[in-house]
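Okay, so here's the structure we're looking at.
Side chains are part of it too, since the values below use all heavy atoms of this structure and drop only hydrogens, waters and symmetry mates. Protein chains get the first letters and strands the later ones, always in sequence-line order, with residue 1 at the start of each.
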Amino acid sequence: MPELPDVEIFRRYLNRKALNKKIKDVDIKNSKIISAAKTKYVKALRNKKINSSKRYGKYLFAELGKKNNLMFHFGMTGFLKYFKNLEAEPQHGRFLIKFYNGYYLAWNNQRLLGEVKLVDSIKGFIEKKNLGPDALSLNLPLFEKLIGGKTGSIKSALMKQELIAGVGNIYSDEILYQAKINPASNCKKLKNKDIEILFENLKKVLKEAIKYKADPDKMPDSWLLTHRSKEGRCGRCGKGIKHQKISGRTSYFCPRCQKKS
DNA sequence: AGTACCACCTGACGGC
DNA sequence: TGCCGTCAGGTGGTAC
């Protein structure tokens, strides 16, 4: 799930469910996903409230106070779940925040590829990770500048978090599909017009995905995401969707609509 | 600079 | 039924 649109949906969920509620305790069920002693998490959270939240790229920050933020990174299988009764607890709740009102907020994650981290400065965290600008904050000149100097495939450039924060395997495919650009195209070979179209579709896909609650079932037939499988057919031309490894990740595209530049 | 692997983890799925 | 290989929407490291 968790690319920019998914994480933005998690952020809104967190705001809706867990803001301004006093925290009673923290239950960390797996220490692989934390980077400091459990006691530090308890100390940072107990009797505090989440005042606000921020998202940068695929990272979510719960703000509990000045220099007191909890960063959630979701890996490939993470999500948040707010619940009351323990029978409603998701199967892989690894990090549980318990509120005085009896509810819990769980950071659920089947695979342990992810992290929940105490962060004093969000800005400092972003700098340390060397993240590029958040994909939704981009403007065309900046996008041209970021993509322009690259010599690799456009797909790998879109997914590179140090270049642009927030786009992963699924949405890079979707953006390229809607822009009708082949994922294996070399950045150098793209024309200015291509980059402009790509930029427009980057914004459009991410924003609309958020409107669809990052839920593929809600997305229209004209999106690749609804056909993104080995048996899928292009919603535009009906030709079979092709898949190919590009920069180590399986990419899906329409070989007819997305000619290589 | 870019790429090709490997690693970290768990679980679902298909083939035999 | 059970075992096995493969694959999965992320990131980080190493080696070429």
Side-chain angles (χ1 to χ4, degrees), chain A residues 1-10 28-35 55-60 71-80 90-95 106-117 119 125-126 128-132 134-135 145-178 183-190 202 205-206 208-210 212-219 223-232 241 243-253:
Chain A
M1 297 175 175
E3 298 181 36
L4 186 152
D6 311 273
V7 178
E8 178 59 23
I9 295 304
F10 299 160
I28 300 168
K29 308 225 174 196
N30 191 310
S31 48
K32 283 209 166 82
I33 54 101
I34 54 173
S35 50
R55 182 197 55 74
Y56 193 101
K58 302 174 189 172
Y59 297 88
L60 177 61
M71 184 285 288
F72 296 103
H73 186 255
F74 296 92
M76 303 204 2
T77 53
F79 60 90
L80 296 177
Q91 202 183 345
H92 307 283
R94 312 290 192 181
F95 191 106
W107 178 85
N108 192 81
N109 207 327
Q110 180 205 105
R111 295 163 76 183
L112 296 166
L113 310 176
E115 193 181 10
V116 181
K117 187 183 171 79
V119 169
F125 175 86
I126 292 163
K128 201 169 172 190
K129 288 269 180 197
N130 201 21
L131 296 175
D134 183 81
K145 198 179 139 201
L146 291 168
I147 298 298
K150 297 290 153 204
T151 56
S153 72
I154 184 60
K155 160 113 176 170
S156 67
L158 286 178
M159 286 199 304
K160 206 165 281 177
Q161 301 301 297
E162 310 88 71
L163 218 57
I164 298 165
V167 179
N169 195 27
I170 288 279
Y171 285 102
S172 62
D173 279 359
E174 188 63 51
I175 291 161
L176 289 160
Y177 175 78
Q178 296 202 23
S185 296
N186 190 301
C187 293
K188 272 194 308 194
K189 295 209 172 165
L190 295 177
L202 172 107
V205 165
L206 296 177
E208 290 189 5
I210 293 169
Y212 296 128
K213 310 251 186 286
D215 179 355
D217 292 342
K218 296 191 170 72
M219 292 170 192
W223 280 41
L224 175 66
L225 215 25
T226 56
H227 311 278
R228 199 179 182 280
S229 73
K230 298 194 164 83
E231 300 76 33
I241 293 295
H243 61 100
Q244 179 187 332
K245 281 240 186 218
I246 299 169
S247 69
R249 309 296 298 279
T250 304
S251 309
Y252 291 82
F253 61 97

Open item on the list: Tell me whether A:Arg94 contacts the main-chain N or O of A:Lys32 through its side chain, where contact means a donor paired with an acceptor under 3.5 Å.
Closed with: no

TODO: Run the ring-centre check on A:Phe10 versus A:Phe74 and record whether the distance is less than 6.0 Å.
DONE: yes

Open item on the list: What's A:Thr250 touching, base or sugar-phosphate or nothing? Going by heavy atoms closer than 4.0 Å.
Closed with: sugar-phosphate

Task: A:Trp223 CH2 to C:dG9 P, straight-line distance once rounded to whole Å - done: 17 Å

Task: Atom-to-atom span, NZ of A:Lys32 to P of B:dA7 - whole angstrom - done: 16 Å

TODO: Provide the distance between the two P atoms, one in B:dC9 and one in C:dC3, to the nearest whole Å.
DONE: 24 Å

Open item on the list: Is A:Lys150 close enough to B:dG2 that one of its side-chain N or O atoms is under 4.0 Å from OP1 or OP2 there?
Closed with: yes

TODO: Counting Watson-Crick and G-U wobble pairs whose two distances are both under 3.5 Å, find the runs of 3 or more in a row that involve DNA chain C.
DONE: B:2-8 with C:10-16, B:10-16 with C:2-8

- [ ] Select base, sugar-phosphate, or nothing to describe what A:Thr151 touches, counting heavy atoms under 4.0 Å on all strands.
- [x] sugar-phosphate

Open item on the list: Can you confirm whether or not the ring centre of A:Tyr177 sits under 6.0 Å from the ring centre of A:Trp223?
Closed with: no

Open item on the list: Without decimals, in angstroms, what is the distance between A:Gln110 CD and B:dC13 C1'?
Closed with: 13 Å

Task: Side-chain touch A:Asp134/A:Leu4, heavy atoms, less than 4.5 angstrom - done: yes

TODO: Only counting residues at least two apart or in another chain, list the ones meeting side-chain contact (heavy atoms from CB on, under 4.5 Å) with A:Thr250.
DONE: A:His243, A:Lys245, A:Tyr252

Task: Side chain to side chain, A:Lys117 and A:Phe72, heavy atoms closer than 4.5 Å - done: no

Open item on the list: What is the distance, to the nearest angstrom, from the OH atom on A:Tyr252 to the P atom on C:dC7?
Closed with: 10 Å

- [ ] Round to a whole Å and report the spacing from CD of A:Gln244 to P of B:dT3.
- [x] 13 Å

- [ ] Using ring pair (Phe, Tyr, Trp, His ring centres under 6.0 Å) as the criterion, list what pairs up with A:His73, not counting sequence neighbours.
- [x] A:Tyr59

Task: Spacing of A:Glu115 atom CD relative to B:dC8 atom C1', expressed in whole Å - done: 13 Å

TODO: List the protein contact pattern of nucleotides 10-16 of chain C with one symbol per nucleotide (5' to 3'): B for base contact, S for sugar-phosphate-only contact, - for none; contact means a heavy-atom distance under 4.0 Å.
DONE: BBS----

Task: Integer-rounded Å distance: C:dA8 P and A:Asn109 CG - done: 18 Å

- [ ] Report the residues that fulfil side-chain contact (heavy atoms from CB on, under 4.5 Å) with A:Ser185, sequence neighbours left out, ordered by chain and then residue number.
- [x] A:Ile154, A:Ile181, A:Asn182, A:Leu190, A:Lys260, A:Ser261

Task: Integer-rounded Å distance: C:dG9 C1' and A:His243 NE2 - done: 17 Å

Open item on the list: Please report the distance separating the P of C:dG9 from the corresponding atom of B:dG2, rounded so that it comes out in whole Å.
Closed with: 23 Å

Open item on the list: On the nucleotide B:dG2, are OP1 or OP2 found under 4.0 Å from the side-chain N or O atoms that A:Ser247 carries?
Closed with: no

Open item on the list: For a quick check of understanding: with a heavy-atom distance under 4.0 Å over all strands, which category does A:Asp6 fall into, base, sugar-phosphate or nothing?
Closed with: base

Task: Of all pairs that satisfy salt bridge (Lys or Arg N to Asp or Glu O under 4.0 Å), the ones with a partner from residues 158-174 of chain A, not counting sequence neighbours - done: A:Lys155-A:Asp173, A:Asp173-A:Arg228

- [ ] Kindly indicate whether the side chain of A:Ile34, heavy atoms from C-beta on, has any atom under 4.5 Å from the side chain of A:Phe95.
- [x] yes

